[in-house]
Amino acid sequence: MNQPDNSPDPQDDLAHQPSAGSLSARARAAVAPQLAYLNGLNPEQRAAVEATEGPVLVLAGAGTGKTRVLTTRIAHLIATGKAWPSQILAVTFTNKAAREMRERIGRAIGEVAEGMQWLGTFHSIGTKILRRHAELVGLRSDFTILGTDDQLRLMKQVIEAEGIDEKRWPARQLAGLIDGWKNRGLGPDQVAAGEAGAFANGKGGRLYRAYQERLKVLNAVDFGDLLLECLRLWREHPDILEQYQERFRYMLVDEYQDTNVAQYLWLRLLAQKRKNLCCVGDDDQSIYGWRGAEVDNILRFEHDFPGATVIRLERNYRSTGHILSAASVLIAKNQGRLGKTLHTEDELGEKVSITGAWDSEEEARLIGEEIEALQAKKHPLSEVAILVRISAQMREIEDRLVQLGVPYRVIGGPRFYERAEIRDALAYLRVVNQPADDLAFERIVNVPKRGLGDATIQVLHNHARAARVPLVEAARFIVETDELKPKPRATLRDLLISFGRWSKLSETMSQSEVAQAVLEESGYTDMWQKEKSADAAGRLENLKELVRSMEEFPDLQSFLEHVSLVMEANETDTIERVSLMTLHAAKGLEFDTVFLPGWEEGLFPNQRALDESGRAGLEEERRLAHVGLTRAKRRAKIYFASNRRIHGLWNSTVPSRFIDDLPEGHVEIVEAPANFSYGGGYGGSRFDRMQPFSGSSYQTPGWQRAQAHRANTEDGGYSARRSGERRGPMMIEGELVAKSTGTSGFAVGGRVLHTKFGPGTIEAVDGNKLTVEFDKAGRKMVLDSFVEALG
DNA sequence: TGACGCCCACTTTTT
DNA sequence: GTGGGCGTCA
């Protein structure tokens with residue numbers, strides 16, 4: 001057990017050099033001798049953990065303990081003294097995966113996991129690196145990370161600036177192209193002319209370049225840049241690359257089959273020196289080819305990293321025999337795979353069932369009935385999942401579950417931070433934080449509507465461009481001239497004054513209070529309160545949640561940093577529900593019982609995948625089927641319908657070829673229970689569909705969905721609503737912010753307790769704003785709603 | 001600026 | 001069938 005070297009853990013370039021007696025050193029010493037964490041690993045898993053040197057590829061089939069291997073390997077590296085936590089790079093794709101890994105390492109070896117500052121997603125680690133060297137790639141270290149919507153707006157501007165008809169050459173398409181290029185690690189100068197020429201009569205490359213230039217001017221990057229700019233940084237500054245190569249003694253990558261070319265290059269550069277790269281993945285679970293993932297990365301690993309050790313994990317700990325066999329036979333039909341044979345020592349269990357339904361509605365009904373039957377047998381609903389190929393399939397199933405009163409939740413869907421209201425709120429905060437943030441300014445300058453329309457914006461833009469200043473700067477200038485009509489001019493001036501005031505507030509108030517004040521004073525919350533549509537209440541809820549979540553951060557800056565990459569609505573699930581999601585969203589999850597509806601040609605395998613990607617597309621679809629089946633621990637139930645409505649039209653459909661791929665010995669065909677009351681015919685089914693189930697607009701699936709999403713922090717599942725506790729807009733008690741009118745009931749000299757700053761004494765009262773001298777935190781201005789009276 | 005109505009498209013989705 | 005984007009008219 002050699003030490004990495006004699007120096008203490010080099011936590012960071014500048015900071016924190018723990019002494020020999022530090023917590024981490026002691027924890028390492030305590031854990032090293034026993035190696036208790038190795039207990040219970042099977043021989044292959046153990047080999048994967050102990051093969052620390054050189055390139056290693058761990059082919060980990062579904063349910064074979066992949067995460068366990070990864071976390072144990074990290075624990076092992078640390079415990080044996082091969083590396084300090086800060087010298088290990090561990091990359092995942094999602095924040096969720098990173099979080100889980102951190103927790104599990106912590107459980108294995110204690111607090112040492114805290115020192116793992118390089119455990120995160122490709123994007124978060126890329127961000128961290130870029131911020132340190134921002135100036136070398138033409139950015140400032142406080143660059144903003146653009147979301148998809150900002151990106152799109154920027155591209156639209158670029159397209160229009162080039163004098164191209166945006167309708168003929170939509171920004172969406174350009175975004176797709178640029179995304180693809182970035183996924184493949186190509187900067188504007190590296191895109192093949194022919195390929196770039198495909199857009200806007202040969203202007204694709206120019207637009208890409210223009211877009212990148214705009215980003216630089218705005219001090220912003222998009223997601224792709226977080227990796228691409230790292231590549232550029234390292235290529236142009238080999239000395240910096242070397243620093244990182246030195247630092248990362250051991251590198252681990254989760255879900256390697258999902259890496260794209262840019263990520264591959266990123267890893268390869270880093271691993272060049274020490275070559276201790278361990279990639280864990282499963283080529284049979286590569287289902288993200290359409291967004292740039294390169295199965296080739298995993299297929300070519302041995303070629304790319306000569307001398308690589310390849311370890312196969314084939315013992316499955318998840319599914320019973322029939323399910324596993326069915327899945328294995330199915331996936332064996334694929335040509336382009338490294339090949340693994342999953343086996344289990346578990347019992348055979350139930351066969352995979354295949355049920356044909358007359359139409360999609362009957363399919364939904366059958367599933368609903370089965371779930372009710374399971375429910376009656378006390379099968380926990382949290383162990384039941386319905387996995388669909390496309391989200392459009394969800395509607396009918398939801399309808400059915402709603403009718404039966406089966407609680408469910410939809411997993412996936414729009415992310416918290418992608419919602420319009422959240423992005424609007426963030427845009428306000430971004431301008432407060434960084435007035436030069438043009439994209440943010442533009443987004444909210446007229447939200448809520450305040451009469452600053454296109455004409456006004458245009459004037460601002462012209463000035464900004466001519467004077468080469470940010471929009472806010474241009475606005476400040478323009479309100480002093482008479483270029484604008486009196487009304488917009490006054491409005492704009494007010495807005496600028498407001499922003500000045502809000503920026504001031506952030507010097508004394510906590511960021512959540514600033515946010516609350518900004519949202520209130522800008523009229524933004526008012527806007528949603530006045531809005532009568534069904535989801536307005538949900539949006540207000542989301543804003544509340546946003547303000548609440550901000551409290552956990554030390555300041556606005558770090559909150560904004562966090563939010564652009566990893567913001568999620570926290571899902572505290574208290575009630576038992578069935579999970580409904582797409583097959584893609586199901587990767588990495590497992591359930592006792594899995595329903596797999598819609599196994600029909602055209603839908604699954606999806607016609608479009610076949611048209612666009614041919615055999616590769618088919619194989620990816622088959623992998624998706626494999627992922628679906630292997631989610632099931634004890635019961636997998638496949639369904640197909642003979643008639644399905646596609647884009648509003650009824651089509652008759654044929655069972656999926658994947659059904660024929662399954663081995664007869666491991667499946668059973670289930671006769672759909674004859675249901676004469678429906679006449680077994682088209683007409684009967686339609687008739688049934690006509691039955692009103694409530695007539696209220698609150699019962700529409702869309703609304704249900706909105707509720708389900710909104711309710712994810714409450715118990716507010718569907719079942720609650722069924723029992724009459726409907727959570728409609730009318731239910732929203734209280735508003736996001738305290739009313740600023742009237743006295744706050746606080747008096748100078750009174751003692752108060754603040755959620756964040758603790759106890760203090762009131763020094764001044766101004767409407768709902770209090771100036772408080774806090775015992776610990778010093779003098780701050782706070783909103784009265786954030787404090788409670790003491791004594 | 002808002003309301004209405006037409007037209008289109010429509011697989012999967014993280015960061 | 002449905003929602004989003006955009007154009008037109010008041």
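This one's a predicted model, so the numbers in the text were calculated from it and none came from an experiment.
- At the heavy-atom level, A:Q151 lies nowhere under 4.0 Å from the strands shown.
- Using a 4.0 Å cut-off between a side-chain N of Lys or Arg and a carboxylate O of Asp or Glu, A:D359 and A:R645 do not qualify as a salt bridge.
- B:dT13 atom P lies 9 Å from atom CD1 of A:I287, rounded to whole Å.
- Rounded to whole angstrom, the span from the CD1 atom of A:I646 across to the P atom of B:dC10 amounts to 16 Å.
- Each of A:Q257, A:H626, A:R337 was evaluated against A:D284; a single residue qualifies, A:R337, per the side chain to side chain donor-acceptor pair (under 3.5 Å) test.
- Between the C1' atom of B:dC10 and the CD atom of A:Q607 lies a distance of 14 Å, rounded to the nearest Å.
- Under 4.0 angstrom from either OP1 or OP2 of B:dT15 there lies no side-chain N or O belonging to A:S124.
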(request) Could you check A:Y264 against A:D296 for side chain to side chain donor-acceptor pair (under 3.5 Å), going step by step and ending with a plain yes or no? (result) CA-CA 10 Å; A:Y264 162 75; A:D296 255 22; over 6 Å; no
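- The side chain of A:R395 sits closest to C:dT2 out of B:dT15, C:dT2, B:dT13.
- Rounding to whole angstrom units, CD of residue A:E398 and C1' of C:dT2 are separated by 15 Å.
- Ring orientation note: the planes of A:F248 and A:W118 are nearly perpendicular, at an angle over 60° on the 30°/60° scale.
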Close N or O pairs between protein and nucleotides 1-6 of chain B (under 3.5 Å):
{"from": "B:dT1", "atom 1": "OP1", "to": "A:G453", "atom 2": "N", "distance (Å)": "3.4"}
{"from": "B:dG2", "atom 1": "OP2", "to": "A:K449", "atom 2": "NZ", "distance (Å)": "3.3"}

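- The aromatic ring of A:W290 sits over the base of B:dT12, with ring centres less than 5.5 Å apart and planes inclined by under 30°.
- Between A:T148 and B:dT15 there is no side-chain N or O to OP1 or OP2 distance below 4.0 Å.
- To the nearest angstrom, C1' of B:dC10 lies 12 Å from CZ of A:R172.
- Atom CD of A:Q393 is separated from atom C1' of B:dC10 by 14 Å (rounded to the nearest Å).
- Taking the 5.5 Å centre cut-off and the 30° plane limit, the aromatic side chain of A:H647 is classed as stacked on B:dC10.
- In this structure, A:F93 and A:R389 both approach DNA chain B, and ranking their closest nucleotides by distance from the 5' end singles out A:R389.
- Remark: C1' of C:dT2 and CE of A:M394 are 16 Å apart, rounded to the nearest angstrom.
- Ion pairing between A:K182 and A:D179 fails under the 4.0 Å rule for side-chain N and carboxylate O.
- The phosphate of B:dT15 has OP1 or OP2 within less than 4.0 Å of a side-chain N or O from A:N95.
- Picking from B:dT15, B:dT13, C:dC6 the nucleotide with the shortest atom distance to the side chain of A:K156 gives C:dC6.
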(message) Working note: A:Q393 + A:E363, criterion side chain to side chain donor-acceptor pair (under 3.5 Å); need CA distance, chi angles, decisive distance, verdict.
(response) CA-CA 11 Å; A:Q393 288 173 262; A:E363 177 188 68; 5.1 Å; no
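- Using a 4.0 Å heavy-atom distance criterion, A:K487 is classed as making no nucleic acid contact.
- If you check every strand for non-hydrogen atoms under 4.0 Å, A:E621 touches a base.
- The separation between A:K96 atom NZ and B:dT13 atom C1' is 14 Å, rounded to whole Å.
- Rounding to the nearest 0.5 angstrom, the gap separating the CG atom in A:L439 from the CD1 atom in A:I444 is 11.5 Å.
- Ring geometry, A:Y208 versus A:W181: the interplanar angle falls under 30°, so the pair is classed parallel (tilted spans 30 to 60°).
- For A:R645, the listed nucleotide lying nearest its side chain is C:dG1; candidates were C:dG1, B:dT13, C:dC6.
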